[in-house]
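Just below is one structure, and these are the notes that go with it.
Every chain is numbered from 1, with letters handed out A, B, ... down the list of sequences. Worth saying up front: this structure is predicted, and the values here are computed from it rather than measured. We use all heavy atoms of the structure for the numbers below, so side chains are in, but hydrogens, waters and symmetry mates are not.
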Amino acid sequence: MPELPEVEVLCHHLAPLLQGRVIRAVEVRRKKILAPTSEAKFRRALTGARFLTLERRGKYLVFTLRPPAAVGGDPFLLVGHLGMTGRLYLAKKSAPLPKHTAVVFDFGARRLVFEDPRAFGRMTLDASALDKLGPEPLSDAFTPAAFAAALRRSSQAVKVKLLDQSLVSGVGNIYASESLFRARISPRLAARRLKSAQVHRLWQTLRDVLGEAIAWGSTLPLQFDGGTSGGLFYFGRDPGAPDHDHERLLVYDRDGQPCVACGAPLRRIVQAARSTFFCPRCQR
DNA sequence: AACGCCGCCTGATCGC
DNA sequence: TGCGATCAGGCGGCGT
């Protein structure tokens, strides 16, 4: 499940590899991924276009492209989201495409593959989702004061509220639980009931947890030749590689295991139809 | 305006 | 052993 840190690492590695590349051909295998953009419009806009920049916004990938010279016009945005199971990688053209390939950009010897088994992801020309995003948690725009003001307006449990992308962008189910554990705040506490010291702790731990996850992800070997997906360059995890997430995360997916801080058994509860993991003793 | 709920998807896992 | 039911979850849309 890619959240802000995973998308950041992907973006960091992929940006220099895409810059300047021209899309020779576009293949769409799952139209739903483009929604609400039509396949015709998508192909028309992207065939012959050149990648200029790639940036992350929340959990979104924001590509800037220049239309082909024959068409002209200003640079435009292509917006990607990996959803639950999306993967994006640059591969040799000879490498087989995965079963749930959604979109392929042909560059000649290589191609950019967007694959997504559950199809919760998006690759679209509609950038409107970006307008609804709250501040970047690692930016100066994300201040304790603004965070506190937003929390005060909500009666929802703080864990649920952290998943609201209009509050702060990029936090998903994993880092919401991890941050609350580190801040020693109960996930069930109503957002508006947090004391000012708790708000400040949560503000700080959010930044710490996300920053550390980026640093951790940056150490992973993301480039390989001959992995299970056959990519020359691979981003978004090799499905055949061991997953070390479990060693790094302190509470996520650790129902019943001892808390690293106090030894009490960690618990799993369900909030807004999503799993929350926490220590009932450390987090009041 | 804020909130709760549903639908979208498929692979993994569970129970019989 | 095989198969159907259940679960997981980000986000948009909708009703309240």
Side-chain angles (χ1 to χ4, degrees), chain A residues 1-8 10 28-37 56-62 79-88 97-103 114-134 137 146-180 187-194 210 213 228-229 236-240 242-243 245-246 249 251-256 267-278:
Chain A
M1 306 146 232
E3 301 183 20
L4 184 153
E6 293 74 30
V7 179
E8 177 66 28
L10 166 64
V28 176
R29 294 200 172 193
R30 307 188 79 171
K31 293 179 193 173
K32 183 186 182 300
I33 291 290
L34 314 180
T37 304
R56 179 194 57 75
R57 181 76 177 87
K59 302 174 202 173
Y60 290 86
L61 293 161
V62 183
V79 176
H81 194 294
L82 299 175
M84 290 292 299
T85 53
R87 297 188 305 120
L88 190 64
L97 291 172
K99 180 178 176 184
H100 297 293
T101 297
V103 179
F114 182 60
E115 180 237 3
D116 187 4
R118 287 201 192 154
F120 276 23
R122 284 294 179 274
M123 185 66 82
T124 178
L125 297 175
D126 173 24
S128 62
L130 304 179
D131 301 335
K132 298 161 193 150
L133 295 178
F147 189 39
L151 291 174
R152 263 198 302 275
R153 276 186 267 110
S154 173
S155 60
Q156 281 180 306
V158 60
K159 153 59 164 51
V160 175
K161 199 61 194 167
L162 282 178
L163 301 179
D164 179 350
Q165 301 299 296
S166 70
L167 172 70
V168 53
S169 56
V171 180
N173 206 40
I174 292 174
Y175 295 112
S177 282
E178 294 294 318
S179 299
L180 286 165
R188 293 190 272 214
L189 184 59
R192 64 162 61 121
R193 303 244 185 261
L194 267 72
L210 294 171
T228 56
S229 65
R237 300 294 172 86
D238 176 3
D243 180 0
D245 274 354
H246 204 251
L249 303 174
V251 292
Y252 188 80
D253 206 19
R254 288 182 180 273
D255 186 24
R267 282 195 55 201
R268 170 186 182 270
I269 58 174
V270 175
Q271 297 179 287
R274 292 185 189 101
S275 295
T276 298
F277 299 90
F278 72 111

Arg268(A) side-chain N/O to Gly256(A) backbone N/O, donor-acceptor pair under 3.5 Å:
no

Near DNA chain B, counting only heavy atoms under 4.0 Å, which residues of residues 29-37 of chain A show up?
Arg30(A), Lys32(A)

From the set dA8(C), dC11(C), dC3(B), return the single nucleotide nearest to any side-chain atom of His81(A).
dC11(C)

For Ala129(A), answer base if it contacts any base atom (sugar-phosphate contacts may also be present), sugar-phosphate if it contacts only those atoms, and nothing otherwise; contact means non-hydrogen atoms under 4.0 Å.
sugar-phosphate

If you look at every strand shown and take non-hydrogen atoms under 4.0 Å, does Lys132(A) touch a base, only sugar-phosphate, or nothing?
nothing

Calculate the interatomic distance between Glu6(A) atom CD and dG10(C) atom C1'; express it in whole Å.
14 Å

Evaluate side-chain hydrogen bond (donor to acceptor under 3.5 Å, both in side chains) for Ser128(A) paired with Asp126(A), printing each intermediate quantity in order.
CA-CA 6 Å; Ser128(A) 62; Asp126(A) 173 24; 2.8 Å; yes

Leu130(A) CG to dC11(C) C1': how many Å, rounded?
14 Å

Rounded to the nearest 0.5 Å, how far does OG1 of Thr101(A) lie from CZ of Arg87(A)?
8.5 Å

For the pair Gln165(A) (side chain) and Gly134(A) (backbone), establish whether a donor and an acceptor sit closer than 3.5 Å, ignoring hydrogens and angles.
no

Can you tell me how far the CZ atom of Arg274(A) sits from the CG atom of Leu163(A), to the nearest 0.5 Å?
5.5 Å

What distance do Met123(A) atom CE and Phe114(A) atom CZ have between them, rounded to the nearest 0.5 Å?
5.0 Å

Between Tyr252(A) and dG9(C), is there a contact of a side-chain N or O with OP1 or OP2 at under 4.0 Å?
yes

Roughly how far, to the nearest 0.5 Å, is the CZ atom of Arg122(A) from the NZ atom of Lys32(A)?
4.0 Å

Does Lys99(A) place a side-chain N or O at less than 4.0 Å from the phosphate oxygens OP1/OP2 of dT10(B)?
no

Check the distance between dC3(B)'s C1' and Lys159(A)'s NZ and give it to me in whole angstrom.
16 Å

Nearest-0.5 Å distance, CG of residue Leu82(A) to CG of residue Leu10(A):
6.0 Å

Residue-phosphate contact under 4.0 Å: Thr85(A) side-chain N/O, dT10(B) OP1/OP2:
no

Give a yes or no answer on whether the side chain of Asp116(A) reaches the backbone of Phe120(A) with a donor-acceptor pair at less than 3.5 Å.
yes

How close do Arg153(A) and Arg192(A) get, heavy atom to heavy atom, and via which atoms?
O-NH2, 4.3 Å

How long is the line joining CG of Asp116(A) and C1' of dC8(B), in whole Å?
12 Å

So does Arg122(A) get a side-chain nitrogen or oxygen closer than 4.0 Å to the phosphate oxygens (OP1/OP2) of dC11(C)?
no

So, is Ser155(A) close to the dA2(B) phosphate, meaning a side-chain N or O under 4.0 Å from OP1 or OP2?
no

Candidate pair Leu167(A) and Leu151(A), rule side chain to side chain contact (heavy atoms under 4.5 Å, CB included), full reasoning
CA-CA 8 Å; Leu167(A) 172 70; Leu151(A) 291 174; 4.0 Å; yes

Residues within residues 163-171 of chain A bordering DNA chain C, heavy-atom distance below 4.0 Å
Gln165(A)

Between CD of Gln156(A) and P of dC3(B) the distance, given in whole Å, is 4 Å

Describe the nucleic acid contact of Arg153(A) in one word from base, sugar-phosphate, nothing, applying a heavy-atom distance below 4.0 Å.
sugar-phosphate

Look at the side chain of Gln271(A) and the backbone N and O of Thr276(A), then say whether any donor-acceptor pair between them is shorter than 3.5 Å.
no

In whole angstrom, what separates Phe277(A)'s CZ from dA8(C)'s P?
9 Å

In this structure, how many angstroms lie between the C1' atom of dC11(C) and the CG atom of Asn173(A), rounded?
13 Å

Taking CG from Leu133(A) and P from dC11(C), how many angstroms apart are they, rounded to a whole number?
8 Å

Ring centres within less than 5.5 Å and planes less than 30° apart: is that true of Phe120(A) and dC11(C) in this structure?
no

Can you find a donor-acceptor N/O pair under 3.5 angstrom joining the side chain of Arg118(A) to the base of dA8(C)?
yes

Would you indicate, yes or no, if dG11(B) has its OP1 or OP2 atom less than 4.0 angstrom from a side-chain nitrogen or oxygen of His100(A)?
yes

If you round to the nearest 0.5 Å, how far is NE2 of His100(A) from CD of Glu115(A)?
7.5 Å

Helical bend (five base pairs per end, nearest 10°) for the helix from dA2(B)-dT16(C) to dC16(B)-dG2(C)
50°

Which listed nucleotide (dC3(B), dG10(C), dA8(C)) is nearest to the side chain of Arg268(A)?
dA8(C)

